[in-house]
Amino acid sequence: LKEIRVLQIGLGAIGLEIAKLASKKRSLKMVGASDLMKHVGEDLGAVLGSGELGIKVIPDYRKALKEVKPDLVLHATSSYLQDIYEQIVDCVKEGANVISTCEELSYPFYKHPDLAKNLDHLAKKNRVRILGTGINPGFLMDTLVILLTAVCQEVKGIVVERVIDASHRRQAFQRKIGAALTEEEFVSKLEGKEISGHVGLEESIAMISDALGWKLQRIEAEQPKAIIASKQVSSPYYTIPAGRVAGLQQTARGYVDGEARVTLLFKAYIGAEDEYDRIHIIGIPEVNQIIRPAVQGDRATAAVVVNSIWPLLKTKPGLRTMSDLQTLSCK
Ligand SMILES: NC(=O)c1ccc[n+]([C@@H]2O[C@H](COP(=O)([O-])OP(=O)(O)OC[C@H]3O[C@@H](n4cnc5c(N)ncnc54)[C@H](OP(=O)(O)O)[C@@H]3O)[C@@H](O)[C@H]2O)c1
């Protein structure tokens, strides 16, 4: 394809960032945009801060699909595969390739094997590709880890840590990690699924294990734990007094041969002073990779999504994961 016709579905902070980046690429042409409420009726170009594009944001993505017949849908509406399954099916049936930031789509074979099988079948039938990706899951705690194991003769275990200061993430992110809640509210909102915490550690573990050919017995994902502010901290959206929730930490472990061979630790809170991404591969040779400060996730998610377009289109039709793509680079 010389020029790839792109429809953006979802114009929250992430969808906007993706559409902004995509609209700057010469081989991509924005042809449509949909969101349930945000920016409906506005011109996409005006929303992105570029010149008028003559594209009205409409609430019905199905109508957009039929009207503009995109080659590719960039999709950023929800974290859960069950919530977006029909959306992806509709895109694929209209002959569009799909890249989505849905965390559970990054490696759906572990939690949702039946949905994954259906999507793969449908994508093959319609000769298009589906990919779930972003910064995490999608890159820092899985794809990059897998790539780094290429220098090892043997891998015995993997420990990955991502520690981020959530104050420079989007508001939706700060909300989902429980910023500014009391500890009691944090616990009850998590139980009531009003906040999700980070979604994706299980997908990353399953993706790593698959790439290394490890037979994963089970994944143990701990309940997210609140990180309580020890002094007042703030972000553009919240001022958090000492004693309130600043964010959370989550741990998940993948068991192979009865041992926790992959451990992922995720900490996101407002006011984190030392931000880093660390990948420790216990093997021959040992690998200890530290990125300090941690990669800014919202910008990076848009980059990973857009930079995946060309490698994805080179793969065979079907449901793909980041492991199926040739090495990514900034395009
Ligand atoms: N993999 C990764 O690394 C990664 C990184 C960042 C984000 N994410 C995920 O990507 C998703 C988007 O993030 P965000 O912060 O931008 O979320 P957000 O603020 O909730 O935005 C989602 C947008 O999608 C719209 N939407 C929902 N259903 C729709 C539908 N059927 N048709 C059209 N639009 C629809 C919503 O509409 P209204 O609100 O207007 O009703 C909202 O504007 C989230 O699930 C997030 O967790 C993943």
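Atoms within a ligand are numbered from 1 in the order they appear, just like the ligands themselves. FYI, side chains are in, hydrogens and waters are out, and symmetry mates aren't considered; it's all heavy atoms of this structure. Because the structure is predicted, anything quoted here is derived from the model rather than measured.
From the protein, the heavy atom lying nearest to atom 44 (C) of ligand 1 is Ser79 OG, 3.9 Å. Asp35 OD2, 2.6 Å is the protein heavy atom nearest to atom 43 (O) of ligand 1. Scanning the protein heavy atoms around atom 27 (C) of ligand 1, the nearest turns out to be Thr77 CB, 3.6 Å. Nearest to atom 15 (O) of ligand 1 among the protein's heavy atoms is Arg170 NE, 2.5 Å. Distance from atom 47 (O) of ligand 1 to its nearest protein heavy atom, with residue and atom name: Glu103 OE2, 2.7 Å. Here the protein heavy atom with the shortest distance to atom 39 (O) of ligand 1 is Lys38 NZ, 2.8 Å. Closest to atom 28 (N) of ligand 1, if we only count protein heavy atoms, is Leu36 CD1, 3.6 Å.
Of the candidates Asp90, Ile18, Thr101, it is Thr101 that places a heavy atom closest to atom 10 (O) of ligand 1. Distances from atom 3 (O) of ligand 1 to the heavy atoms of Asp298, Ile14, Ile84, Asn136 put Asn136 nearest.
For the atom pair NZ (Lys225) and CD (Gln250), the distance works out to 10.0 Å, reported to the nearest 0.5 Å. In this structure, CD1 on Ile158 lies 8.0 Å from CD1 on Ile146, to the nearest 0.5 angstrom. Taken from CZ in Arg129 to CG in Leu313, the straight-line distance is 6.0 Å, to the nearest 0.5 Å.
Taking every non-hydrogen atom of Gln87 and a distance limit under 4.0 Å, the qualifying atoms of ligand 1 come out as 31 (N). Which parts of ligand 1 touch Thr301 is read off a 4.0 Å heavy-atom cut-off, strictly below it: atoms 3 (O), 5 (C), 6 (C). Residue Pro137 has at least one heavy-atom neighbour below 4.0 Å for each of these atoms of ligand 1: 1 (N), 2 (C), 3 (O). Of all the atoms in ligand 1, the ones that sit under 4.0 Å from a non-hydrogen atom of Ile135 are 2 (C), 3 (O). Shown in contact with Gly134 at under 4.0 Å from a heavy atom are these atoms of ligand 1, numbered in order with element: 1 (N), 2 (C), 3 (O). Here is the list of ligand 1 atoms found below 4.0 Å of a heavy atom in Ser78: 45 (O). Atom numbering of ligand 1 starts at 1 in the shown order; those under 4.0 Å from a heavy atom of Lys176 are 47 (O). Listed by number with element, the atoms of ligand 1 under 4.0 Å from a non-hydrogen atom of Gly12 are 16 (O), 19 (O), 21 (O), 23 (C), 43 (O).
Between Glu273 and Lys231 a salt bridge is recorded (basic side-chain N to carboxylate O distance below 4.0 Å). One finds a salt bridge joining Lys176 and Glu103 here, because a Lys/Arg side-chain nitrogen approaches an Asp/Glu carboxylate oxygen to under 4.0 Å. Using a 4.0 Å cut-off between charged side-chain N and carboxylate O, Glu161 and Arg278 make a salt bridge.
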* Asked: Can Glu94 and Arg62 be said to form a salt bridge (Lys or Arg N to Asp or Glu O under 4.0 Å), step by step?
  -> CA-CA 9 Å; Glu94 287 297 330; Arg62 289 189 179 98; over 6 Å; no
* After noting the C-alpha distance and the side-chain angles of Phe139 and Val295, does the key distance pass the side chain to side chain contact (heavy atoms under 4.5 Å, CB included) rule? -> CA-CA 11 Å; Phe139 195 78; Val295 176; over 6 Å; no
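Heavy-atom separations between Ala76 and ligand 1 include at least one value shorter than 4.0 Å.
In this structure, atom 17 (O) of ligand 1 has no protein heavy-atom contact shorter than 4.0 Å. In this structure, atom 20 (O) of ligand 1 has no protein heavy-atom contact shorter than 4.0 Å.
The backbone of Thr133, and not its side chain, has at least one atom closer than 4.0 Å to an atom of ligand 1 (non-hydrogen atoms only; backbone = N, CA, C, O).
Side chains of Tyr110 and Glu203: a donor-acceptor N/O pair is absent below 3.5 angstrom, by distance only.
The shortest N or O to N or O distance between Pro59 and ligand 1 is not below 3.5 Å. When only interatomic distances are considered, the shortest N/O to N/O separation between Ile9 and ligand 1 does not fall below 3.5 Å. The N/O atoms of Tyr61, backbone and side chain alike, include none that comes under 3.5 Å of an N/O atom in ligand 1. In terms of polar-atom proximity, Ala172 is not counted as a contact of ligand 1, lacking any N or O under 3.5 Å from an N or O of the ligand.
Looking at residues two or more places apart in sequence or on another chain, you find no salt bridge (charged side-chain N to carboxylate O under 4.0 Å, His left out) involving Glu183.
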